[in-house]
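To start, the structure itself, in structure tokens.
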Amino acid sequence: MKNRKVGALATVATLALVLTSCAESERDSGTGADGDTGSDSTQTEGDGGAAASDATFVFGAAGAPTTFDPFYASDGETFRVTRQIYENLIGIEEGGTEGVPELATSWESEDGLTWTFELQEGVKFHDGTDFDAEAVCANFERWADQNEAGQNPSGAYYYGNDFGFGEDSLYESCEATDDLTAEVVVSRVTGKFPMVLSQSSYAIQSPTAMEEYDANGIALEGEAFVFPEYATSHPTGTGPFQFEGYDNAGGTVTLTRFDDYWGDPAGVETLVFKIVPDENARRQELEAGTIQGYDLPNPVDWQALEDSGNQVLIRDPFNILYLALNPVADPQLEDPLVRQALYHALNREQFVSTQLPEGAEVATQFMPSTVSGYNESIEAYEYDPEKAQQLLEEAGLSDLTIELWYPSEVTRPYMPDPQRVYDAVKADWEAAGITVETVTKPWAGGYIDDTQNSRAPAFFLGWTGDLNSADNFLCAFFCGDDNQFGTSAYDWHEELQEQIAAADAEADEETRTQMYEELNAQIMSPDWLPGLPLSHSPPAIVVGPNVQGMVASPLTAENFATVTITE
């Protein structure tokens, strides 16, 4: 998931489309499974929204946020918090994956290059600054104006992938044509714009606060980022909750209801994220009542949690777990016979049925079936350990030894228990005569940095889509000369880059879908096969019996403002 370096693309100059979304933004509150939003003894009513009370909702987080500025974030634990503080021009429908109006009421373009955004009226940032077209343009300009640390592949990660910096950047300009109209110009037609603006990294932030607290003052000291005061103490958005504080020693992030919020008020007065890294400990705290919910309960616990009166909300699968192979870290992997052998040695049917929750599926390609561009004709590689051994002998590596990495101190939607995932793959490979050397590192303690910087030959990672876009999956994995699969070591690397870029630049949706289907088939062909897609899983989120209004999101992008607590 490295920085995307996209070259200039030729686009069809005669394109004459009108691409528009003119739906009005509505703030309907979420409900629980029974449709009851609940109530509290001390409450006020918003305009059609959830009952707003003085209650506190404590959520068990698996890890600490890396920053409170989502522009410099790429991890789910950070985004879970920042989504409550900030909003985007384009939002995501509750419980779904489609884009809906949020801070923008509509957007349109006649040529796919110049986009006009009409904005919500009467919105204020948490510091009292007015939200308007000037604020929107200040954010676009801030994103593009990054120092060397910000342009680092792990700095403004999403912007580097989606827009890029310098001459080849997707972003051209932003102009406030009136108070509530912003005109944004992009350099080329792309299937991802403007929906890419629904991603958490593109939250709209207060220009006043960003200037006062030096939001762009990110620095790189050694291999670690140092964030400015804005990102650590003064995050300022327009969302239903505002930042109260982060107790690093106590492991809690506290947000409070923003009383001047332009939509329906949050259903609780205080929202606390309590950091509890161990999944068993999170379950124990839920049972003890010290937290009222947590994400990614172990599938083996789902029934017991429900039997105890808790609510296990199962999301639709919108993710991929894969085993990445990187020839930069291990040149043995340059041989396609070796990569094929490693795949044929995996009993993925057994893996899915024994290690993952009901509803999980064997993956045939690097995206779930609900994404446009998924190729229905691709068949899963068969489990055949004898064929794996034959392929290794043909490659002259019958005694293959390989490092297999897995993360600790983490639970992911696509990987409920990394240790068990690792154990299953290790056992399969060893049964095929492959010697496995174990490497494990904490998720936030070296694993992500090392795997994204081509230090791991074979490792587990995954992806939960940010939006319904093939590019959001394929380019996140394979774009750039320094991607995590090390495809620059293959002679087909440039062809891969060109095909991804060409599909993204195709304006006609039907043609673009066909191009992605063909690209998926090529990626999974025996000669390419840069990694091993394993599975898609339906992750869950669990809340206590007195919690109402939580709406599970396939993107794991829940809005906690709809939550209420009953007595």
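- By the neighbour-count criterion of 12 heavy atoms within 6.0 Å, atom CD of Glu141 is densely surrounded, having more than that number from other residues, nucleotides or ligands.
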>> One pair to check against side-chain hydrogen bond (donor to acceptor under 3.5 Å, both in side chains): Glu285 and Thr290. What are the steps and the verdict?
In response: CA-CA 5 Å; Glu285 293 223 22; Thr290 52; 2.7 Å; yes

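- In this structure, the side chains of Asn559 and Arg83 stay at 4.5 Å or more apart for every pair of heavy atoms.
- Between Glu558 and Phe59, the closest side-chain pair of non-hydrogen atoms is not below 4.5 Å.
- Two rings, from Phe273 and Phe560, have their centers less than 6.0 Å apart.
- Across Gly96 and Ser553, no two heavy atoms sit closer than the pair O-OG, 4.5 Å.
- Aromatic rings of Phe225 and Tyr72 (six-membered ring for Trp) have centroids beyond the 6.0 Å cut-off, not under it.
- Between Thr487 and Phe478, the closest heavy-atom pair is OG1-O, 4.2 Å.
- A donor-acceptor pair under 3.5 Å links the side-chain atoms of Asp111 to the main chain of Leu113, judged by distance alone.
- Considering all non-hydrogen atoms of both residues, Tyr171 and Cys174 come closest at OH-N, 3.0 Å.
- Glu77 and Trp443 share no side-chain donor-acceptor pair at under 3.5 Å.
- Side-chain rings of Tyr86 and Phe243 stay apart, their centers remaining 6.0 Å or farther from each other.
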> Can you check side-chain contact (heavy atoms from CB on, under 4.5 Å) on Ser53 and Glu269, steps first, answer last?
Replying inline: CA-CA 6 Å; Ser53 75; Glu269 172 68 25; over 6 Å; no

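- Tested against Leu461 for a side-chain contact (heavy atoms from CB on, under 4.5 Å), the candidates Thr451, Leu321, Ile320 yield a single pass: Thr451.
- Taken from OG in Ser154 to CD1 in Ile448, the straight-line distance is 9.5 Å, to the nearest 0.5 Å.
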> Can you check salt bridge (Lys or Arg N to Asp or Glu O under 4.0 Å) on Lys192 and Asp471, steps first, answer last?
Replying inline: CA-CA 7 Å; Lys192 64 175 167 280; Asp471 182 81; 3.7 Å; yes

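- A donor and an acceptor atom, one from each side chain of Asp504 and Thr190, are located under 3.5 Å apart.
- The main-chain N or O of Glu98 is found under 3.5 Å from a side-chain atom of Glu93 such that the two form a donor-acceptor pair.
- Checked against a 6.0 Å centroid threshold, the rings of Tyr322 and Tyr414 do not count as neighbours.
- Taking the centre of each ring, Phe57 and Phe241 stay at or above the 6.0 Å mark.
- Using modelled atom types, no side-chain atom of Thr97 and backbone atom of Asn468 make a donor-acceptor pair closer than 3.5 Å.
- Of the possible donor and acceptor atoms, one in the side chain of Asn147 sits under 3.5 Å from a partner among the backbone N and O of Ile218.
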> Could you walk me through whether Phe227 and Tyr213 pass the ring pair (Phe, Tyr, Trp, His ring centres under 6.0 Å) check?
Replying inline: CA-CA 11 Å; Phe227 297 102; Tyr213 300 109; over 10 Å; no

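- Val547 is listed as a side-chain neighbour of Ile565, based on a closest heavy-atom distance under 4.5 Å.
- No donor-acceptor pair closer than 3.5 Å links the side chain of Ser169 to the backbone N or O of Gly166.
- Not a single donor-acceptor pair under 3.5 Å links the side chain of Thr181 to the backbone N or O of Asp178.
- Side-chain atoms of Ser109 come within 3.5 Å of backbone atoms of Thr114 as a donor-acceptor pair (strictly under, hydrogens ignored).
- Ring centroids of Phe117 and Phe140 are separated by 6.0 Å or more, keeping the two rings apart.
- The shortest distance between side-chain heavy atoms of Trp262 and Lys124 does not fall below 4.5 Å.
- Remark: the backbone N or O of Pro235 is not paired with any side-chain donor or acceptor of His126 at under 3.5 angstrom.
- The aromatic rings of Phe193 and Trp115 sit perpendicular to each other, their planes meeting at more than 60°, with 30° as the lower class boundary.
- Using a 4.0 Å cut-off between a side-chain N of Lys or Arg and a carboxylate O of Asp or Glu, Asp295 and Arg80 qualify as a salt bridge.
- The two residues Pro413 and Thr556 come nearest to each other via the heavy atoms CG-CG2, 4.0 Å.
- Expressed to the nearest 0.5 Å, how far CE of Met367 lies from CZ of Phe477 amounts to 8.5 Å.
- The two residues Pro554 and Ala552 come nearest to each other via the heavy atoms CD-O, 4.1 Å.
- Looking at heavy atoms from C-beta onward, Trp405 lies out of side-chain contact with Pro418 at the 4.5 angstrom threshold.
- Between Asp481 and Glu494 there is a side-chain heavy-atom pair separated by less than 4.5 Å.
- Between Trp463 and Asn472 there is a side-chain heavy-atom pair separated by less than 4.5 Å.
- One N or O on the side chain of Glu102 and one on the backbone of Asn88 form a donor-acceptor pair closer than 3.5 Å.
- Shown are Asn139, Asp69, Thr236; of these, the side-chain hydrogen bond (donor to acceptor under 3.5 Å, both in side chains) with Gln205 is made only by Asp69.
- One distance of note links CG of Asp247 with OG1 of Thr254; it measures 7.5 Å at 0.5 Å rounding.
- In terms of modelled atom types and a separation under 3.5 Å, the side chain of Asn326 and the main chain of Gln484 share a donor-acceptor contact.
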> Under the side-chain contact (heavy atoms from CB on, under 4.5 Å) criterion, do Phe460 and Arg412 qualify, and how do the steps go?
Replying inline: CA-CA 11 Å; Phe460 300 100; Arg412 303 308 303 141; over 6 Å; no

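- Side-chain contact check for Thr238 and Glu87: at least one donor-acceptor pair (N or O, by modelled atom type) lies under 3.5 Å.
- The neighbour count for Glu134 CD, taken as heavy atoms of other residues, nucleotides or ligands under 6.0 Å away, does not exceed 12.
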>> With side-chain contact (heavy atoms from CB on, under 4.5 Å) as the criterion, how do Thr562 and Glu94 come out once you've worked through the C-alpha distance, each side chain's angles and the decisive distance to 0.1 Å?
In response: CA-CA 10 Å; Thr562 62; Glu94 286 192 356; 3.5 Å; yes

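- Taking CG from Asp54 and CZ from Arg257, the interatomic distance works out to 8.0 Å, rounded to the nearest 0.5 Å.
- The two residues Tyr294 and Ile541 make their nearest non-hydrogen contact at O-CG1, 3.5 Å.
- The distance from the CE atom of Met210 to the CG atom of Asn216 is 7.5 Å, given to the nearest 0.5 Å.
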> Passes side-chain contact (heavy atoms from CB on, under 4.5 Å), Leu89 versus Trp107? Steps please.
Replying inline: CA-CA 9 Å; Leu89 290 177; Trp107 48 91; over 6 Å; no

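- Glu172 places none of its side-chain heavy atoms less than 4.5 Å from the side chain of Val186.
- Atom CG of Asp316 is surrounded by 12 or fewer heavy atoms from other residues, nucleotides or ligands within 6.0 Å.
- Within 6.0 Å of CD in Glu211 there are 12 or fewer heavy atoms belonging to other residues, nucleotides or ligands.
- Aromatic ring centres of Phe163 and Tyr202 lie closer together than 6.0 Å.
- Tyr261 and Gln242 are not linked by any side-chain donor-acceptor pair at a separation below 3.5 angstrom, with hydrogens and angles left out of the test.
- Defined by atom type and a distance below 3.5 Å, a donor-acceptor pair is missing between the side-chain atoms of Glu506 and Tyr516.
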